[in-house]
Amino acid sequence: MARAGGISNAVNVGIAVQADWENREFISHISLNIRRLFDFLLQFEATTKTKLASLNEKLDTLERRLELLEVQVGTATANPSLFNT
Amino acid sequence: MPLVRFGVRNEYSLVQPELYTEVDREDPKAVLDGVAVAGLVGILRQLGDLAEFAAEVFHGLQEQVTSTASRSHRLKVRVQNIEAALPPIEKAILAQNSHIHFAYTAGSEWHPRIQNEQNHFIYNDLPRFIMDSYEESRDPPRLHLLDKFDTGGPGSCLKRYSDPTFFRRASGSLRETGGEKVQRDKKARKIKFFPSAGNGRTSPSHTASSIDMTLKSDLGDRSNSFDSRTGSSHIECVFRPSSSMQPEEQEESVEFCSRSFQQDDDIHESSFAGEQPGVADDNFLHPSSPEQVPPRSTCVTWDEKEEISEAKSQHSEGDEAPTDILGADSVAEDIQELRAVAEIHIPKDVPFEDENIRGPSSIFTRLYDVESEPDNFMDALNTIDTESETDVDYQTKHEVKQGESLSTSDDGRTEDVLNVLSAVDTSDHRHPQIDDHTPSDTSSCNEMAADVFVSVPPVSPAKERAPEVPEVSSSASDSESGTLASTSIDPPDGSKEVESAVFDRPSSGIAVSEIQELLPDEVLNSPDKPQESPVPELSRVESIKIWTNGGLLGLEPSKPPDFNMSNADRHGSETSTTEAENSPTPINNGDTRKLNKDGECIEILAGPRSPASLHDDNVAKADKHSSDSHCRSRFHPYGGGLTSNGLPLSTNVKPTSEEASHEDDEHSSHIFGLGQRLLANGFRKKISLVPSCEPEMPNSSPQQSKQPFVKFQASPLDVRFGHKSADYHLTSSPPLEHMKISFQPTNDFEAFSKLKLKFPDGSNYCSESSSSRDVFPSFQLVPEAVATGRNDVASDSDDDDDTFCRSSPYMSDDDGLSRHSDMDSEDHWEAGGSPESVDDVIPPAEETAHAENDGAVSCLSATVLDLPSFDDVKPPHQEVRQEDFDPLSSLELLQHPKASSPLPPPLPPAQWRLSNPISEPQATFDAHQPKPAPVMTQQSKPAPASEQQQSPQVVVPFKLKSKDEQKLNWVKEANQPANGKVMDEHDDFLHQIRSKSFSLRPTAPAKTLVSETTANNRVTEILKKANAIRQAVASDVDDDDAWSDNP
């Protein structure tokens, strides 16, 4: 009996170890995917911010030009005499 | 510094170990389960971290996107505002003839006020994960307590512990390796600057600078510094380091803005923003504590100066007065930007090695040097060496000063100024002084700012002040205040001194000017600057500036408006004469010239418009006179053109030229305006006219042809210039051309006179003009109206005098003549060939008659000219015009009748067309029917009568008819013998039909002359008939016999 019990115990342990391995594999997969998600988020943020930065640069340029245009238009509007000649 | 954005820990590390440690170890399953659970829990925590991280990421992205969206929205609003403001400006601009004067108008002064918040290294809004590291970091140890025991002065001990400027110095060292010379110069400048800055000022902040000074002194620079002190502020600069060793002198060093400060500022950009240029109080910032740094106003000013120095070149180029542009708010922003740019400017400043230039630039360089100096404590030798070099350089500076101008020229920006100055400067006597007073120089430079390059005097006062300035500037401590004070001081020295000073400081002056721009409020507030600015030398420089600013050709803005004047004159005349004419005169001339051959026709076309313009309410009576004269001239060419395509035109030319001579200046102006219209419409008209002239050619008698030839050819030009203004106005009307076709066969002077009368009405002219030149389209129409034409000839001719007249001339035309006319017309239509060749080739018999009746011819031309105007002027006739008379092209004309009525029958063969048009039917009808004959005559040659009759449009045509009948008959007879033989009976019928059709259309205008309403009704009726005929003809088009039979 004891022998049989020892075998069964060993079998149980083996089963438990195998299950543990399976669990660990499962957890590692999940963890790996989570890390991939992090990586994706980082890349996404980087690309998005890069694009936003380029867009902001363009907006800066546009703002400068617009400012210049506004000044020019304001000057032209304020000095109608320029067009009377 | 850790740059880890986020750390993802192991899932098992996230779990409390108790989960699996506290389990019964004898139960392996429990242990394993505990571990598994711990892993799962760790995964959950990782997921939680992931969610948090994702939220952070997306939150940041959302903020940026929101800000970007708001910016874009603001931009959109601004753009909309600009769009709303543009239309009136566009109108104002487009309303002007010449825009060249804009090149001479001074542009708007503008300076970008946009604050660049995207400074990656300066901007406060650091990433959170970086800010976290700052937040988590502990304050540095209170090493400042040990400063009293350190010769380096305040901050030295802390710097030894942690030097935030380390990396900058490292990068600076790299730069130094790249350009050691520049750095040397900078250092020398720095040294100079320090003395100037340190003049009389003592601030606790000097301790740091004093440390650097000590280093310098250690290097043996002290001796130099002392020497410099005795001699100049430059010496003081060197001195200060030594003085930094000595707390007393440390005060002087207050002005220093150590590189560390700048760097700190850059790093801690907020401090820069808080800075005020004038304050030099706490220049010394401990690298460890950037917060202490904030007072570095001087540094800022220097940075600004550096930027200004750069800007100086631009300003020198741009000749702009920078002072007014900036506002107080903008200044602070600019300062921040300048700080950011400061480092970049430094290398730029290097070229400004002139002593004067060195003042500002040296300051900046010092910022590095100062930083490097404390760094020298830390890093030591490199900076010391550089400083020692700088000292040596400084000694050499005096020598170099003369060459400073050249060195400044190295920058390229100041070259021009230097050149100018070099012309002026003779002695650099005060160079040492100037160097000593570099701050004062800077102040003077501030004065210079507005005048910048050119204004030598401001610089000179600064130089003169240089000895005084050190004190003043030292008292002022603030660079700006110092500059102001220095500027306020009047230069006692003679012009030479001033000049020398100017030479020395052009660059500095430039820098100052920039500073002024950057800090307009303070600078501007100082009244001294403007006062000092006026100097004779300045005038020189200003002149140069004016050239640069002067605009395109170096001419002053006042000069160019001549064009405007002329344009205005044109406009005035044109507007007075014509409503909407703004056409460019030169083009008109060119067009008329181009049209010379065809020009007659064009003139004719233009003629009708002139009456139209006359009809316009806007047109003045004088314009009417001019138009009348135009009409005359037109008539002449018309008659010539009508009677004989080529020759009669020449005959017409003379009268037209004469009339042109009679024309007022207004006419000439009108002509110019008309020319444009002619350009627009002229091509079409030309085409139409050319064919019209050609058909006329056969009609014209060869006898008259020779004389008229020359005249006729010349006439178009003359008429164009002198008379055609009105003609051009009228050119567009298609019905007129159509009318021309009908008229051309007639050739009678009386008819022309009638036509003249019609011109004012528009309808008559249209008929006449169409007879003359629109023959082709009319021909095309004619075959359609053939049946009606015969009917009309039989009955309608009596009903409608005009119809008979028109039909009669065509009928009267001999086959040969008509053929010639048609052939020529077609050719001209297609190829747009010049009538001259045709004219030369064909001396029509009618030309003789036309030559006899030059006046009538002129009238015809005028009528032709008026035809387009007709269209414009008289809407009632537009229907006819739309249908058949579009002047665009013969093809168009063909299409038009289609549009007006059912599709016209296919055109009869060219021979038919040619034979039909004028001569034969005219003769026949003239003989049989007095009314149509006179009409024909009127149309053909009523030049004299036309001149007289221009005013009485309605009544005259009938009179002319009666009068001209005989003439027309005579002409027709002349034409008939030649053409009648050639014509077959069928051809005759066809021609009659065609002529009738033609006459029908012209009749409509004639009726309108009598009474426009009735005429319109008749025209409509005639058109209906013509349409019916066309339909009938269309079915029979295939067979010529069918043509003859159908009617």
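Source: prediction; values computed, not measured. Note on naming: letters A, B, ... go to the chains in the order of the sequence lines (proteins, then strands), and numbering restarts at 1 for each one.
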Pairing residues for Asp39(A) by the side chain to side chain donor-acceptor pair (under 3.5 Å) criterion, not counting sequence neighbours
Gln43(A)
Who pairs with Asn23(A) by side chain to side chain donor-acceptor pair (under 3.5 Å), at least two apart in sequence or on another chain?
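With sequence neighbours excluded, Asn23(A) shows a side chain to side chain donor-acceptor pair (under 3.5 Å) to no residue whatsoever.
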Which atoms form the tightest heavy-atom contact between Tyr12(B) and Ile27(A), and what is the distance?
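So the two residues come closest at OH-CD1, 3.6 Å.
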Euclidean distance, [Y] [atom2] relative to [X] [atom1], rounded to 0.5 Å:
{"X": "Lys76(B)", "Y": "Leu66(A)", "atom1": "NZ", "atom2": "CG", "value": "13.5 Å"}
{"X": "Ile30(A)", "Y": "Leu40(B)", "atom1": "CD1", "atom2": "CG", "value": "6.5 Å"}
{"X": "Leu61(B)", "Y": "Leu52(A)", "atom1": "CG", "atom2": "CG", "value": "6.5 Å"}
{"X": "Glu45(A)", "Y": "Phe53(B)", "atom1": "CD", "atom2": "CZ", "value": "5.5 Å"}
{"X": "Asp49(B)", "Y": "Leu37(A)", "atom1": "CG", "atom2": "CG", "value": "12.5 Å"}
{"X": "Ile43(B)", "Y": "Leu32(A)", "atom1": "CD1", "atom2": "CG", "value": "10.5 Å"}

Please classify the contact of Asn81(B) with chain A as side chain, backbone, both or neither, using a heavy-atom distance under 4.5 Å.
neither
Side chain, backbone, both or neither: which part of Arg45(B) has a non-hydrogen atom closer than 4.5 Å to chain A?
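Contact with chain A: none, neither part.
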Heavy-atom pairs under 4.5 Å with chain A, option from Leu47(B), Ile82(B), Leu75(B) with the top count:
Leu75(B)
For chain A, which of Asp33(B), Val35(B), Asn10(B), Val31(B) has the most heavy-atom pairs under 4.5 Å?
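Option with the top pair count is Val35(B).
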Within a 6.0 Å radius of atom NZ on Lys29(B), are there more than 12 heavy atoms belonging to other residues, nucleotides or ligands?
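For Lys29(B), atom NZ is not crowded (no more than 12 foreign heavy atoms under 6.0 Å).
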As a quick check of understanding, evaluate side-chain contact (heavy atoms from CB on, under 4.5 Å) for Arg71(B) and Asn56(A), giving each step before the final call.
CA-CA 9 Å; Arg71(B) 289 181 66 188; Asn56(A) 285 327; 3.4 Å; yes
Report which part of Leu42(A) has an atom under 4.5 Å of a heavy atom belonging to chain B: side chain, backbone, both, or neither.
both
